[in-house]
Amino acid sequence: MRSSRLFGKTLRQVPSEAESISHQLLLRAGMIAQESAGIYAFLPLGRRVLRKIEDIVREEMDRAGGQEVLLPVLQSFELWLQSGRLTSFGKSLFTLVDRKEHKLALGPTHEEVISELVHRYVQSYRDLPLLLYQIQTKFRDEPRPRGGLLRVREFLMKDLYSFDIDEAGLDENYERMARAYENLYARLGLPVLMVEADSGAIGGKDSHEFMVVADTGDDKIIYCPDCGYSANAEKAQGFKKTVNSVSLLPLEEVATPEAQTIEEVASFLGVLPERTFKAVFYFADGEFVFAVIRGDMDVNETKLKNALRCEELRLATEEEVKKTGVVAGFASPVNVRGIKIVADDSIARGANFIAGANKRGYHLKNVNYPRDFQPDIVTDIALARSGDSCPRCDGKLLSTHGIEVGHIFKLGTLFSKKFGASFLDRDGASKPVVMGCYGIGVGRLMAAIVEHSHDGRGIIWPMSVTPYQVYLCPLYLDDPEVSSAAERLYLELQSAGIDVLFDDRDESPGIKFNDADLVGVPLRLTVSPRTLKNQTIEAKWRTEKKAQLLPVEGIAAEVRKLLDEREVSGRP
RNA sequence: CGGGGUGUGGCGCAGUGGUAGCGCGCAUGGUUUGGGACCAUGAGGUCGGAGGUUCAAGUCCUCUCACCCCGACCA
């Protein structure tokens with residue numbers, strides 16, 4: 001490609017709307033252009049990168065045994081009613097109405113469509129296992145698009161769905177996909193952390209996310225440097241020690257005037273916060289919920305939401321709390337009637353805790369579960385934090401941020417049951433197909449690569465996804481020797497099957513070098529009178545300071561060799 | 001949805017109620033050229049939109065739209 005003909009321009013100034021580094025660089029390099037909030041056009045350079053990433057994803061899915069399909073973007077509302085996810089997706093679903101007043105959704109994902117499809121074509125255990133995938137544009141009306149390609153409303157995504165006769169088959173495919181994902185990220189030059197994830201409203205057994213560690217990531221990861229335990233903060237567990245494990249003492253009311261917060265109560269009574277109970281009030285799908293947790297911990301709302309199996313969870317307002325008769329600051333799970341109580345299991349790890357007395361100015365001492373109160377649910381609803389002890393070893397947990405570039409789920413029979421996707425086993429018994437789903441955001445991967453691989457001058461593309469392999473950079477084009485050598489070289493490289501971006505513009509060396517660095521092409525070939533008089537061309541890697549001289553004669557073969565070495569080593 | 005911010009030429013920005021500007025980019029000509037050159041000339045704007053106040057509105061008022069950031073939210 002000739003730069004003079006290339007659609008899209010590099011920008012010297014950063015467009016003011018761009019905050020994240022990948023957003024800035026992709027805009028400046030002329031890879032993408034914003035059309036609307038969370039909606040982007042891919043310009044020729046960006047399109048090439050996106051296609052290369054897509055091809056790598058496709059290759060790895062094929063290699064893992066996947067078969068590619070293309071599914072409808074326009075999906076009937078009935079499908080969503082049938083799965084019951086109309087409400088859980090809620091406002092994120094883009095909807096429209098056709099001329100017959102029939103409601104349709106722009107597909108945000110394809111579990112419904114694929115389950116319905118498989119229901120029609122899979123009848124026997126002989127048809128399984130089956131791996132189907134598609135790579136196509138999906139739509140989600142995100143509450144807040146952000147960070148350029150990191151969170152958008154219209155995006156290219158790969159989803160693979162696995163169909164098995166039983167859990168064992170699912171487990172096997174799950175492992176297979178996890179390995180395929182690892183290959184794929186390695187080929188993209190991305191170091192990725194596989195972390196335990198919350199499976200959310202979709203339910204299911206296991207779920208893992210693949211994270212690129214980056215400050216700009218909007219997911220928080222909790223991990224243990226000692227044993228390798230890592231999980232999304234929504235899901236992560238911390239070790240809960242047992243406190244004050246002595247024999248149970250009788251309940252006792254004590255006056256605690258003015259002491260309302262955990263800190264105030266604890267210091268007033270001369271104990272550590274871990275000896276107290278903390279009460280937090282929520283509204284879950286319109287129902288008031290009293291959450292109890294030990295005073296040294298905080299409630300993880302994702303876990304609470306899962307425990308309650310609710311769609312919508314929010315903190316209760318002061319008024320709402322008042323209305324229930326609970327006394328904020330002195331609230332207690334003891335002797336509360338008609339209110340749903342959810343307790344973190346930390347309340348059972350220890351004895352003789354301090355809790356409110358449901359009476360202004362008083363607390364209760366020696367509160368014990370289950371002697372003094374009986375919550376509706378007791379489970380883990382605690383937020384794990386950096387500094388907590390690891391649940392698996394003696395290590396201390398740390399936290400970091402990550403960009404989610406892949407998410408895999410064991411769906412089980414959730415969708416197959418709803419869509420009647422069942423098969424007859426060997427014994428002629430009808431069973432629901434066991435499903436898994438495995439997603440990757442292709443556009444987000446592109447942004448993640450840039451977030452991970454860049455420097456002060458611009459993008460540094462890995463060889464595997466670079467829009468062009470070689471940046472052919474002639475200086476002093478008005479010198480006929482240079483222009484003819486450059487033109488000749490351009491043809492030779494192309495004939496050798498090398499992707500070349502030929503900067504045939506009549507620009508100064510500074511501009512050309514800077515553009516080459518900004519666009520991030522791995523290898524730059526500089527043609528100038530200086531080296532040409534010795535029959536040589538200067539070759540410089542994007543990642544290196546120093547250049548090397550290559551003889552003009554047979555240069556295409558030499559460049560081919562250099563590129564192949566890089567590709568194999570996986571270095572940019 | 002709550003809080004904050006910004007809308008003026010392709011991009012970045014300035015602009016006291018009184019003739020719409022600067023830098024970059026773009027066009028033409030010339031001199032230049034190893035890390036974003038210089039000179040000259042020139043094109044390009046219904047100041048996000050709609051109302052209103054005023055002799056006069058980019059500037060003041062009301063409404064509205066879009067975009068960005070923080071939070072909520074986010075298989």
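A, B, ... follow the sequence lines: proteins, then strands. Residue 1 opens every chain. As the structure is a computational prediction, the values presented were derived from the model and not from experiment.
Between the C1' atom of B:C67 and the CG atom of A:L27 lies a distance of 13 Å, rounded to the nearest Å. Distance, A:R505 CZ to B:U33 P: 19 Å, rounded to whole Å.
Distance from the side chain of A:E19 is smallest for B:C69 among the nucleotides B:G12, B:C69, B:G36.
When the P atom is used for both B:U16 and B:G21, the distance is 15 Å, rounded to whole Å. Nucleotides B:C26 and B:C11 have their P atoms positioned 15 Å apart, rounded to a whole Å. Taking atom P on both nucleotides, B:C22 is separated from B:G9 by 14 Å, rounded to a whole Å.
With hydrogens and angles left out, the side-chain atoms of A:Y161 and A:H110 include no donor and acceptor closer than 3.5 Å. Defined by atom type and a distance below 3.5 Å, a donor-acceptor pair is present between the side-chain atoms of A:Y438 and A:S162. When only modelled atom types and interatomic distance are considered, A:T302 and A:D198 share no side-chain donor-acceptor pair under 3.5 Å. No donor-acceptor contact under 3.5 angstrom links the side chains of A:Q237 and A:Y229, judged on distance only. A side-chain donor-acceptor contact under 3.5 Å links A:S83 and A:E112.
Looking at heavy-atom distances under 4.0 Å, A:E538 makes contact with a base. Among the heavy atoms of the strands lying under 4.0 Å from A:D478 is at least one base atom, whether or not backbone atoms are also near. No contact: A:S92 has no heavy atom under 4.0 Å from any strand. Residue A:R457 is in base contact, counting any heavy-atom pair closer than 4.0 Å across all strands shown. Among the atoms of the strands shown, none is found under 4.0 Å from any heavy atom of A:L11.
For A:R151 and B:C74, a side-chain-to-base donor-acceptor distance below 3.5 Å is present, hydrogens and geometry of angles not being considered. Evaluation of atom-type donor-acceptor distances gives a pair under 3.5 Å for the side chain of A:R524 against the base of B:G35.
Annotation: of the two residues near RNA chain B, A:T531 and A:R146, the 5′-most nearest-nucleotide partner is A:T531. In this structure, A:G439 and A:K540 both approach RNA chain B, and ranking their closest nucleotides by distance from the 5' end singles out A:K540.
Remark: B:C47 base-pairs with no nucleotide in the shown strands. Criterion, Watson-Crick or G-U wobble with two distances under 3.5 Å.
At least one side-chain nitrogen or oxygen of A:R144 sits closer than 4.0 Å to the OP1 or OP2 atom of B:C70. The phosphate of B:G34 has neither OP1 nor OP2 within less than 4.0 Å of any side-chain N or O from A:S528.
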